[in-house]
Amino acid sequence: DTGVSQNPRHKITKRGQNVTFRCDPISEHNRLYWYRQTLGQGPEFLTYFQNEAQLEKSRLLSDRFSAERPKGSFSTLEIQRTEQGDSAMYLCASTPTWGDTDTQYFGPGTRLTVL
Amino acid sequence: GQSLEQPSEVTAVEGAIVQINCTYQTSGFYGLSWYQQHDGGAPTFLSYNGLDGLEETGRFSSFLSRSDSYGYLLLQELQMKDSASYFCAVRVRYGQNFVFGPGTRLSVLP
C-alpha cells in the first residue's frame, strides 16, 4: 500500500491552455473524490466516483472541468481553457466501499498555477 | 446550502489543552470528521463521530452533539508538531459528498 498518488505535483500553465491531472487511489478503494483547495480554505468538493461511475458533480464545477475513471482504478481531471481563478491545489482522496468508509485518504495534491 | 463554521486561529503553549469547535448547517448529516493538514501537506484523518458523544484516540478526542449541530476536537498535551490547520468535515449523504469547514490554524508556542 503506497497510498494515494497524484501527478504532476506542480503545473504551471498559461491562461487558455488545457491541463490534465492524474490520481491513483489506494488499490482496494472503490470510491474516489476530487477536491479543490485554495490558500486558507478547506477542501471544496468537485466530484465523486464509485468504481467507474461518476455519481456526483458539484454545481460549482463549470463545464470546463471534466473527470473520468475509465477502468475504476486511476482517475483524471481535465480543465479546459484554464483561467487565473483555477489556480489552486487539486486534491484527490479515496475510501473503501466497505468497512472504514468514513476515512478519506488524501494524495499530496497537484498545485496548479495559471499565469 | 451547506455551512460549517470554525474559529480561524487558535494559539496555545506546549503541554496545554486546546478545543476547536465546529458548528454546521447542512442538508443532511451522516457524520462529522476531523482532519489535520500541515503547511504544504495533504489532509490526514484524525477522528470521526457518527453518533453523539466522545471519541478518544490517544491525545486527540472528538465530540458530537447532533441536536446542537455542534462538535469539537480536543487536543491534549500539545506538542510543537501539532501546529497545523484542522478541518471539520460533514458527510451530507451516505457514501458521498463530504463538506469541509474553512479550517482552524493552530499555533503551538514553546
Side-chain angles (χ1 to χ4, degrees), chain A residues 2-7 9-10 21 23-26 29-51 53-61 67 88-111, chain B residues 1-9 20 22-24 26-51 55 57 60 62 64 71 73 84-107:
Chain A
T2 58
V4 178
S5 62
Q6 293 187 245
N7 288 288
R9 295 291 308 276
H10 303 273
F21 310 141
C23 170
D24 287 87
I26 294 171
H29 286 186
N30 296 327
R31 293 177 179 167
L32 186 148
Y33 302 79
W34 284 99
Y35 293 89
R36 176 171 60 191
Q37 186 177 28
T38 54
L39 195 63
Q41 299 298 316
E44 176 186 32
F45 171 80
L46 294 179
T47 190
Y48 152 71
F49 290 85
Q50 180 156 321
N51 299 312
Q54 187 174 20
L55 298 186
E56 187 165 354
K57 185 175 176 179
S58 169
R59 287 192 293 270
L60 300 175
L61 213 59
M89 177 74 83
Y90 290 83
L91 294 165
C92 174
S94 68
T95 66
T97 305
W98 307 105
D100 187 18
T101 60
D102 297 300
T103 302
Q104 292 196 73
Y105 296 84
F106 282 85
T110 295
R111 181 168 295 284
Chain B
Q2 323 287 8
S3 173
L4 282 76
E5 291 188 4
Q6 304 177 234
S8 58
E9 293 183 5
I20 299 174
C22 174
T23 57
Y24 58 88
T26 56
S27 57
F29 182 84
Y30 285 89
L32 181 71
S33 302
W34 289 91
Y35 287 80
Q36 178 191 62
Q37 187 176 32
H38 287 99
D39 287 346
T44 56
F45 174 81
L46 291 177
S47 187
Y48 169 78
N49 294 75
L51 300 174
E55 293 285 339
T57 309
F60 296 169
S62 58
L64 174 65
L73 179 69
S85 293
Y86 293 83
F87 298 93
C88 58
V90 169
R91 171 184 277 182
V92 297
R93 277 189 289 281
Y94 179 72
Q96 305 176 32
N97 200 349
F98 292 80
V99 178
F100 281 75
T104 297
R105 188 169 185 88
L106 171 64
S107 298

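Here is the naming used below: chain letters follow the sequence lines, and residue numbers restart at 1 for every chain.
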What one should report as the nearest heavy-atom pair of B/F45 and A/D102 is CE1-O, 3.9 Å
When the 4.5 angstrom heavy-atom criterion is applied to A/Y35 and chain B, the contacting part is side chain
Those residues at least two apart in sequence (or on a different chain) that pass side-chain contact (heavy atoms from CB on, under 4.5 Å) with B/N49 are B/S47, B/E55, B/S62, B/L64
Okay, A/Q37 and chain B: the region with an atom under 4.5 Å from a heavy atom over there is side chain
Nearest heavy-atom contact between A/G42 and B/F87 is CA-CE2, 3.2 Å
Across all chains, not counting sequence neighbours, the ring-ring contact (aromatic ring centres under 6.0 Å, His included) partners of B/Y24 are B/F29
Ranked by heavy-atom pairs below 4.5 Å to chain A, first place among B/A89, B/P43, B/G101, B/G103 goes to B/P43
Find out whether A/Y33 and B/F98 are in side-chain contact, i.e. whether some heavy atom of one side chain is under 4.5 Å from a heavy atom of the other.
-> yes
Minimal heavy-atom distance between B/F100 and A/P43, with the atoms involved, is CB-O, 3.3 Å
Checking heavy-atom separations under 4.5 Å from chain A, one finds in residues 31-41 of chain B B/S33, B/Y35, B/Q37
Residue set satisfying side-chain contact (heavy atoms from CB on, under 4.5 Å) with B/T23, at least two apart, ordered chain then number -> B/E5, B/Y70
